[in-house]
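I have placed the structure first, in the form of structure tokens, so that the comments after it can refer back to it.
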Amino acid sequence: MLAKKSLTEVLDAFSSSDPTPGGGSAAALAGALGASLLAMVAGLPRTKTNAPEERAALDTARAKILDLRTRLIDLIDRDAAAYDTVVAAYRLPKATDDEKAARKTAIQDALKLATEIPVETCLAVNDVVRQADAVAASGNPSAGSDIAVALQLLGIAGQGALFNVEANIGSVTDKEFAAGITGRVKQSYAGTSEAIRGAYESAGVIELMKGMAARFGSLHGQARGGEKPPADVLIRSAVEALRIAGSADARRALEALAQSADEKISRPAADALAKLTAPD
């Protein structure tokens, strides 16, 4: 089990030539790491104002986050096992009609499992995200960057899990199953945007992002020193700010920008709009 290995052994497993552990396991690992950072902030001795109610809120959030982290750690190995099941199903014999039928059934069962596991990862990640607002609202104000990194990891984990869902669900012939998966995922995102915005505001992440843009020219540091950032850098920073805002007005602005004939405007706007609206 990966969870019982050293960090170096885990990284060696991911970098080996074996197909597992793969992206789904990596998504669960990123989610567990993000949850760990939030749990750390929730467990810091100092709260925002050291009020008793803040300590109580943080203790409650920390307990929930640690439970979810346990689930995510378990999903690292479960995802790898699910993929191995798919591989094994495709390797079943198919010389006779009976063997072909049995193989077809086994493949569909394995694909369903390989779809359900990353869905569980996505759901667990979203449950962690919903605790982030409480952690940021009551947590140590010096831990803003930790919360920012945690949310970025959780965002990557959720998106990574959905990549794996999409990679498998298209081959599932059971339309009712696919519809049920789609509904569960969409429902799991309810309230996550509000939790992220609340956490960003409470933890001062928006100010961190503004400072990064002012100092480095963008969120990725393309411009430095006193140089004026290139227009495309400013555009990407603007559309990212709109995406984070997440309001109806911001969505309409992104929709309008996505229709621009200038790809430097339309492409980042379309990407930001996709992140904002999928799934919601």
Side-chain angles (χ1 to χ4, degrees), residues 23-42 57-58 60-79 82 113-139 146-169 177-203 205 240 243-247 250-251 271-280:
S25 294
L29 177 59
L33 186 54
S36 297
L37 275 174
L38 282 181
M40 178 271 287
V41 176
L58 288 170
T60 298
R62 177 177 165 84
K64 292 178 181 178
I65 291 168
L66 288 175
D67 283 344
L68 291 164
R69 189 190 70 159
T70 299
R71 282 173 51 189
L72 287 163
I73 291 171
D74 185 51
L75 285 162
I76 297 171
D77 285 299
R78 289 178 62 197
D79 190 276
L113 177 63
T115 300
E116 288 173 338
I117 297 302
V119 167
E120 287 190 39
T121 297
C122 185
L123 268 56
V125 164
N126 286 339
D127 284 342
V128 174
V129 169
R130 275 186 279 273
Q131 300 301 316
D133 192 9
V135 174
S138 298
D146 298 302
I147 292 173
V149 173
L151 288 172
Q152 291 293 308
L153 285 166
L154 291 165
I156 290 170
Q159 189 175 52
L162 289 183
F163 281 143
N164 283 270
V165 172
E166 187 61 29
N168 293 303
I169 199 169
F177 171 85
I181 290 292
T182 302
R184 286 173 64 197
V185 170
K186 287 185 174 181
Q187 186 178 13
S188 79
Y189 275 85
T192 56
S193 294
E194 292 81 0
I196 292 172
R197 283 198 297 274
Y200 271 25
E201 291 172 2
S202 298
V205 177
E240 178 66 9
R243 184 185 71 80
I244 291 171
S247 65
R251 180 172 299 191
D271 290 344
L273 186 63
K275 292 179 182 178
L276 181 64
T277 59
D280 199 352

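- One distance of note links CZ of F177 with OG1 of T182; it measures 9.5 Å at 0.5 Å rounding.
- Here the closest non-hydrogen pair linking L58 and A134 is CD2-O, 4.2 Å.
- In terms of heavy-atom proximity, L38 sits nearest to V135 at O-CG1, 3.9 Å.
- Not counting sequence neighbours, the partners of E120 by the salt bridge (charged side-chain N to carboxylate O under 4.0 Å, His left out) test are R78.
- For the atom pair CG (L154) and OG1 (T192), the distance works out to 11.0 Å, reported to the nearest 0.5 Å.
- For the pair D133 and A195, the tightest heavy-atom approach, listed with the atom from each and the gap, is CB-O, 3.7 Å.
- Looking at L123 and V119, their side chains come closer than 4.5 Å, going by heavy atoms from C-beta outward.
- The distance from the OG1 atom of T121 to the CG atom of L162 is 10.0 Å, given to the nearest 0.5 Å.
- At least one donor-acceptor pair under 3.5 Å links the side chain of N164 to the backbone N or O of G160.
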Show, in sequence, the C-alpha distance, side-chain angles and deciding distance for D74 and R71, and conclude whether the salt bridge (charged side-chain N to carboxylate O under 4.0 Å, His left out) test is met. CA-CA 5 Å; D74 185 51; R71 282 173 51 189; over 6 Å; no
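- Within 6.0 Å of CD in E194 there are more than 12 heavy atoms belonging to other residues, nucleotides or ligands.
- Looking at heavy atoms from C-beta onward, Y189 lies in side-chain contact with C122 at the 4.5 angstrom threshold.
- Contact record, A132 with L151: CB-CD2, 3.8 Å, taken as the closest heavy-atom pair.
- Across all their heavy atoms, N126 and S188 have their closest contact at ND2-OG, 2.9 Å.
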Mind listing the side-chain donor-acceptor pairs of residues 61-68 below 3.5 Å, one per line with the distance, residues two or more places apart or on another chain?
unit_1 : atom_1 : unit_2 : atom_2 : d
R62    : NH1    : A39    : O      : 2.6

Donor-acceptor list for residues 26-37 side chains, cut-off 3.5 Å, not counting sequence neighbours:
unit_1 : atom_1 : unit_2 : atom_2 : d
S36    : OG     : A32    : O      : 2.8
S36    : OG     : R69    : NH1    : 3.3

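- Minimum interatomic distance between S25 and D79 (heavy atoms only, all atoms of both residues): N-OD1, 3.4 Å.
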Please lay out, stage by stage, how V128 and Q131 fare under the test side-chain contact (heavy atoms from CB on, under 4.5 Å). CA-CA 5 Å; V128 174; Q131 300 301 316; 5.6 Å; no
